[in-house]
Every structure is written in structure tokens, then in C-alpha cells.
Amino acid sequence: MDSDAWEIIHIPDKPTFSPEHQPTLKVYASVIKPNFANTIVRHLCKIASLEDLRHVKRVRKKILPDHGEPQLTVILCLAPEDNDDDMPPDIQKLVDPYELSPFITEVCKYAAVSKEEWEEQCKLWPTSFHPPTYNIDGIGGFSEEDTQSICKFMRVAIDLAVCGHKTIVNAAVIVDPSVKRIIASETDQVYPSSASGDMTSAETKSFKERGESDHCQSIDTVTDASSEMCLNGILENLNSSLSTVACLNPWQWSLQSHDDESKWHPLKHASMVAIESSSARDRYLFPNSTDSFINNHSQPSDADCPAKKQKTNSHCADVHNDNKEALRDPLIEKPYLCTGYDIFLVWEPCTMCAMALVHQRIKRIFYAFPNPTAGGLGSVHRLQGEKSLNHHYAVFRILLPGVAHNALHQDLKCVTAES
Amino acid sequence: MALVKEEDSHKYMGFALQQAKLALEALEVPVGCVILEEGNVIASGRNRTNVTRNATRHAEMEAIDELVEQWRKDRLSPSQIAEKFSKCVLYVTCEPCIMCASALSFLGIKEVYYGCGNDKFGGCGSILSLHFGSSQTEQGQGGKGYKCRGGIMAEEAVSLFKCFYEQGNPNAPKPHRPVVQRERS
């Protein structure tokens, strides 16, 4: 890999296997005469439908080099894993009439999630491949422009994580990708020592006091030079202790010495703080939307017209806040939680943070390093694949230039286990 | 240790249900909780996700923040606060979600009692089982588990949810059900 390139990889909702090592299942198959094909397949679908193997083709067609006619092989049924000679009696009955000669072969257990996997599967037995159809940008690849802005926002997160802290912490940057604007950028506030002097939690300082520049920072203000420094900083520190990264060590908060002067909280991981900050921004920019709903609610005439009230109409809110950014900038629309927003994290979030991001309706998550101790996006749990949840985001890992990725995973395991 | 007597557990869950009713009156998802230390209620919380526009402000998080704030004011150290949490018992009207169930493990809470299960988000058995703690505990890595039991006054908790969904969630982006006028009790 080009050491200067940043690479973005999709972390799918199922665990992945290397294409050569996909799980397989044993099946009984037999070569059949082409003129029996239709009848036998119809019959088999009734008595031995392969419900969990919809991706596997029932019939394999092979052109043999010295025959003009293609050779057809059909899957008869699943074969028991432990016992090789028992075929169900229903299938056994077909052997003589259709002149079958059953043998055991292997097929891939799961549908392919990539073209590479699919090509590998077909060497074993043909399968079908349907590229993912999620309707989230990026799963099918990013444009050059998108890649650049994604990498820039990841640099912002790395800057925050390293620079201005005594120790390395996790950082979270929430972005509205439609206007490439930073909505919130925060770091862990679990340890007193991790917050630098000028960092104040959203709780202690109202959104108004903090000034809007913090929150609506344009991406152009990020200089490549400073983030290059921070990136180098993080790479150097990956070999030292990462015990103050909240999501990597969520149970270790009580081991720290304390400092009466600064704020800390065992659950204030970067993602939680950033969510609080983005909701503070929402409340500040659109202060009346909840009130105006409650007023409407008390008027019976409106009660049977819910659609009217549901509209997040920012106009009435703006009238009283004409000095606020909302009116100056027509691009700012009232958000519903973080719908449509991206979050950039240096480390894969823990399960608490990953679920918080489901609740807050984040659209895409980008992280740089995995979290083998508590990660909620593939390392320990995989919330993007929990079907019962009412919201699903797309998850991407950004591979940083100059990092030996396989080694890194191991290093992290050691570092966190020793701490 | 001796389990809480049924009579007591109904008393404590009654307090949690009171909080849930307050949430319902405030047009919030009706979930409430209380945290006990040696049989005394030391904190309470109710869902405040709509008014804060922060979907992580679940009842448990509200009660936890109240305690952390208080104990920090009392100048307790992180290890003293951890010691305190290890003696706390939570009563919550609905099974903690995956986020809250993780948070309770991080804090090292002693016991959790809940009302109805949560088959969409539940983190104490329904979807994930975070109350067992993490499996990676060989190196003393933490991963604390806690004792957990559900089904305490579950019908009461469910009937509050029914009220809420019948009145409609005014803050949902696209209403599944129309928002109707409700008599406040």
C-alpha cells in the first residue's frame, strides 16, 4: 500500500472472513442427465428446500473440454456434518429412478459480501452475489472529493485527541456532510487530567458562552501542518500507554488520582460529550420548537392535524433570534437529533457510545483504530448488525498512512491488557 | 446475599413508576428509575430525551449524573465514588438499553431490577447480555457484571408505554400514529 494514502474501508454488519477461508457446509450432490433436470429440481425444492442457502445455486453447469454437452450437477440436500453415509430416505428414493450417483461436496455457508468473496466461492460451487443495497453514501465507494473531506475531518479528530492534552484521549467530531460543517467536536472528559485547561464541558458553559466559532468551524481552518504533527504524535504514542482513552478502558476510570479543580465524569466519553454538545447547539439555535409544539398541543383544533405540527418549522423560532446564525445562514436547518450527520472518532467507540450513536440517529461513523477490549462496531459487539435496533448507521474504518495495521491491532491488545 | 423481599421490591418499583408517570406527563417516553443505597433512595431519574433533544438522556443516565454531581461536590475521589456505586441498587421500569446496561457495568453497580423487558434495545438479556460483564477479564481488565432481575410490576410499566404510544410521540420525525389530546391526570 502507498504509505501516503489514506484508505477508507467499510465495516459490514456481519463478521468478514478472508475470501479464501469462508465457512462452508457439506451437501449431497449428484450429476444428473439434462433431460431430468426440470423434474428433479422441482421435486427437490419440495422435499429438500435449502432455506438458509438461498445464495447457493441448486444446479452447477460445467462445460467439459471433450464433451459438446454441458454437465449438470444438482445439490440433493444438506449432508450431516458428523455422519457421511446417511442420506434422508426421501432423497434415497430418487437415486434409482433418476440414475443418481450421490457424492458429498462443500458449498459456502454465507452469501458473499464482496466481489472477491464471490469469486472465491464460485471455485467451490456457484453462488449468486448481490452487492449491498443500503442506501447510505460511501458503502459502494467514495468520490475523490468525499475522500478528501473525510480525511480532513479525521485529521481534526486526531488533532483534538493528541494536541493540548497531557495524555492521549479519544476525540469525536460530529459533521453535517451536506454542508461540510462541524456541528460538535469534543474529547473524553473521564479523567481530570485529560481535559486541557481551556476545554470546558458543554454542561459548565452554555452554548452561547462558548461562541459559535467552536461549533461551526469551517474545515478550511484546519492546517495540514499542525495535524501532520498530531498524526505523528499519535503514532509515536501508540507504543506507549493508552490507558486514558475512555472507550478502550471503560472500567478503569476509578484508578485515577483526582483533582478537585477540574470536571470529570466516569461516563463522559468523547461521543457522549459530542452528542450533548450537538443537542446544546440544537437547543440554542432553535429554542422554541419544543415550546411551540406544546402550545399547539393544548389547542384542540390542531389535535387531529398531526402532520402540521410535526414539521420542524424553523421560521417561527427565527423571528425572535434574528441575531443568530440560523437566520444568517439559510443552509442551517433544524436537525432531528443527528439525522444525516457523520461522526469521526480516533478509536472505535465502546458499546455504550456505539448505542448512544444509534439513539442519536448518526448516519455514518468513521474511526481510525479498533477497540479490542470494548468496541461496539465489530471488535466485541457489532451494533450495525443488530437487526432489532430501530436505526442503523454505516461504519467505516480509516486506515492511516504509515501505520502497520495488522501489528497495530496486536499492540493495542497488549497495551490495554497490561494497563 | 439475601435478595430483596418482594414487598420491598414493589415499594421501590413504585417509586420508579412514579418517575415514569412524571415523564409521561412531560410528553416524554415513560421510563423512570430510582437508585438505592442501603435501602434508601439516593437518586431518581426519568427519561428527558425530548426536552433535551438528546436521545441519550434516559432515566438511568439522569439518576447517575445526579449522583456523580453530588459526590463530586462532596469531594469524593474517583475510587471512593466507585466504592459507592458498588453498593448501589437500581430499580428501573424498563430493561436498561444497550447503552445504559454498558454504563452500569462501567460504573460497577451492584444490582439492577427492572419492570418490562425491552425487545428492541435491551442490554440485560434481550438483545445483548452486558450485565454478565466482559469476557476479557483474565488480566483484571475490569468488565464488571451485576446481578439483574426483570419482571417486577411489568404490567404497570407496559401500560404507561401504551398510554404514551396512544397519545403519539410529538417529537418523532414522521408520526406513526396521530397525536391526540390527552386528559392530564
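Lettering follows sequence order; numbering is per chain, from 1.
- Looking at A/L357, there are no atoms closer than 4.5 Å to chain B (heavy atoms on both sides), in backbone or side chain.
- Between A/M272 and B/M99, the closest side-chain pair of non-hydrogen atoms falls below 4.5 Å.
- The backbone N or O of B/F106 lies less than 3.5 Å from a partner atom in the side chain of A/W253, making a donor-acceptor pair.
- For the atom pair CG (B/L104) and CE (A/M352), the distance works out to 10.5 Å, reported to the nearest 0.5 Å.
- Proximity to chain A (any heavy atom under 4.5 Å) is shown, for B/S126, by neither the backbone nor the side chain.
- Between the OG atom of A/S279 and the CZ atom of B/R57 there is a distance of 9.0 Å, given to the nearest 0.5 Å.
- Looking at A/E386, its side chain never comes within 3.5 Å of a backbone N or O of B/L128 through a donor-acceptor pair.
- Residue pairs meeting the salt bridge (charged side-chain N to carboxylate O under 4.0 Å, His left out) criterion with at least one member in residues 26-39 of chain B, sequence neighbours excluded, are B/E37-B/K84.
- With chain A as the partner, the residue from B/S105, B/G123, B/G108 showing the most heavy-atom pairs under 4.5 Å is B/S105.
- Chain A forms the most heavy-atom pairs under 4.5 Å with one residue out of B/S79, B/A101, B/C100, and that residue is B/S79.
- Using a 4.5 Å cut-off between heavy atoms, A/C338 does not touch chain B at all.
- Proximity to chain A is limited to the side chain of B/C97, based on heavy atoms less than 4.5 angstrom apart.
- Contact detail for A/S388 and B/K120: the closest heavy-atom pair is OG-O, 2.9 Å.
- Within the 4.5 Å cutoff, the side chain of A/L389 has heavy atoms near those of the B/I98 side chain.
- Distance CG/A/L267 to CG/B/L107: 4.5 Å, rounded to 0.5 Å.
- The backbone N or O of A/D282 lies less than 3.5 Å from a partner atom in the side chain of B/R53, making a donor-acceptor pair.
- B/N54 and A/H359 share no donor-acceptor pair across their side chains, judged by distance under 3.5 Å alone.
- A/R283 approaches B/T52 most closely through the heavy-atom pair NH1-O, 2.8 Å.
- To the nearest 0.5 Å, the span separating CD1 on B/I127 from NE2 on A/H381 amounts to 12.5 Å.
- The closest side-chain heavy-atom distance from A/L255 to B/P78 is not below 4.5 Å.
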